[in-house]
Amino acid sequence: QMQLVESGGGLVQAGGSLRLSCAASERTGSTYCMGWFRQAPGKEREIVGSISRNGVRTYYADSVKGRFTISRDNAKNTVYLQMSSLTPEDTAVYYCAAALAGSFRVATTPDEYAHWGQGTQVTVSS
C-alpha cells in the first residue's frame, strides 16, 4: 500500500516562505505523477500544482503561479512544494497525492489521484 506523509506545515507571516515535503513509501519516479492540493475551511479541495513522473513538466493553479514551485527528488521518493510570498488566502490543509500517468503527463484533477497523504496545515497570518 502506497503511503504519503506530508511535513513542513506551520504558521508563517504574510510575505513569508515555507517548504512542504512529501515522502512516499515506495518508488515514485518511474510510476507516479505527483500533485499538491489544498483545502480551506468551507471550500472544495483544489489543485495547487503537479509534476510529471520524470520531473520535466509542471502545472500550477493560476492562484499560485509565480509564487509556488513544485519539485521532486526521485532518488529520495520525495516531492516538495516551495511556497513564497504567502498570503492569508493560502491558509489551508495541504495534501500530497500520487497519480498513475504517462511520462510527461501532469494530472490536474482529484479523480486522477489514487493515493493521498494525511495533509499538513499551513496558516498565514496578516
Side-chain angles (χ1 to χ4, degrees):
Q1 179 67 45
M2 165 73 97
Q3 295 187 60
L4 303 172
V5 180
E6 304 96 333
S7 62
L11 176 65
V12 64
Q13 291 186 333
S17 300
L18 207 60
R19 188 177 79 155
L20 306 183
S21 297
C22 171
S25 63
E26 64 180 65
R27 184 182 180 90
T28 58
S30 64
T31 308
Y32 297 101
C33 168
M34 303 298 295
W36 285 97
F37 291 77
R38 66 185 182 185
Q39 187 166 24
K43 302 292 185 179
E44 294 184 352
R45 189 168 298 187
E46 63 177 358
I47 182 73
V48 174
S50 60
I51 185 167
S52 63
R53 69 187 193 188
N54 59 12
V56 303
R57 291 192 63 194
T58 56
Y59 167 85
Y60 298 98
D62 288 343
S63 60
V64 306
K65 196 172 299 181
R67 299 188 298 119
F68 290 12
T69 301
I70 188 170
S71 61
R72 66 193 300 167
D73 185 339
N74 288 336
K76 297 180 179 179
N77 295 322
T78 301
V79 181
Y80 306 95
L81 182 67
Q82 178 66 51
M83 305 183 291
S84 299
S85 301
L86 288 163
T87 74
E89 287 68 41
D90 295 315
T91 295
V93 175
Y94 283 70
Y95 297 91
C96 175
L100 292 173
S103 295
F104 300 96
R105 178 165 172 77
V106 283
T108 59
T109 64
D111 288 347
E112 295 177 274
Y113 288 84
H115 307 285
W116 295 81
Q118 83 288 350
T120 185
Q121 177 71 46
V122 172
T123 302
V124 184
S125 65
S126 59

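For T123, the side-chain contact (heavy atoms from CB on, under 4.5 Å) criterion is met by L11, T91, Q121, not counting sequence neighbours. With sequence neighbours excluded, the residues forming a side-chain contact (heavy atoms from CB on, under 4.5 Å) with S85 are R67, listed by chain and number. Looking at residues two or more places apart in sequence or on another chain, you find a salt bridge (Lys or Arg N to Asp or Glu O under 4.0 Å) between R38 and E46, D90. Legend: residues meeting side-chain contact (heavy atoms from CB on, under 4.5 Å) with Q39, ordered by chain and number and at least two apart, are R45, Y95. For the salt bridge (Lys or Arg N to Asp or Glu O under 4.0 Å) test, no residue two or more places apart in sequence or in another chain qualifies with D111. Under the rule for a salt bridge (Lys or Arg N to Asp or Glu O under 4.0 Å), E6 has no partner lying at least two apart in sequence or in another chain. With sequence neighbours left out, the side-chain contact (heavy atoms from CB on, under 4.5 Å) criterion links A14 to P88, V124.
Heavy atoms only, all atoms of each residue included: S17 and V12 are closest at O-CG2, 3.9 Å. Residues S50 and V106 approach most closely at OG-CB, 3.5 Å, considering heavy atoms.
Atom OG of S21 and atom CZ of R72 lie 13.5 Å apart (nearest 0.5 Å). To the nearest 0.5 Å, atom OG of residue S63 and atom CD1 of residue I47 are 10.0 Å apart. For the atom pair OH of Y80 and CG of D73, the computed distance is 5.0 Å after rounding to the nearest 0.5 Å.
Considering only heavy atoms from C-beta on, L100 comes within 4.5 Å of T31 through its side chain.
For residues 25-62, no residue pair satisfies the disulfide (SG to SG under 2.5 Å) rule, not counting sequence neighbours. Among residues at least two apart or in separate chains, there is no ring pair (Phe, Tyr, Trp, His ring centres under 6.0 Å) pair with a member in residues 51-77. Note on residues 6-51: pairs passing ring pair (Phe, Tyr, Trp, His ring centres under 6.0 Å), not counting sequence neighbours, are Y32-H115, F37-Y113, F37-W116. Among residues at least two apart or in separate chains, salt bridge (charged side-chain N to carboxylate O under 4.0 Å, His left out) pairs with a member in residues 112-126 are R105-E112.
One hydrophobic cluster, built from ILVMFWY side chains closer than 4.5 Å, holds both M83 and M34. Cluster annotation: I51 is not connected to V5 through the hydrophobic network of ILVMFWY side chains, with a link wherever side-chain heavy atoms come within less than 4.5 Å. Both V122 and V64 are part of a single hydrophobic cluster, where members link through side-chain heavy atoms under 4.5 Å apart. Taken together through direct or relayed side-chain contacts under 4.5 Å among Ile, Leu, Val, Met, Phe, Trp and Tyr, V79 and L18 form part of one hydrophobic cluster.
Membership of the apolar cluster around F104 extends to V56, as traced through chained side-chain contacts below 4.5 Å between ILVMFWY residues.
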Could you walk me through whether N74 and T28 pass the side chain to side chain contact (heavy atoms under 4.5 Å, CB included) test, one step at a time?
CA-CA 7 Å; N74 288 336; T28 58; 4.2 Å; yes
Taking it one step at a time, do S30 and R53 satisfy side chain to side chain contact (heavy atoms under 4.5 Å, CB included)?
CA-CA 6 Å; S30 64; R53 69 187 193 188; 6.0 Å; no
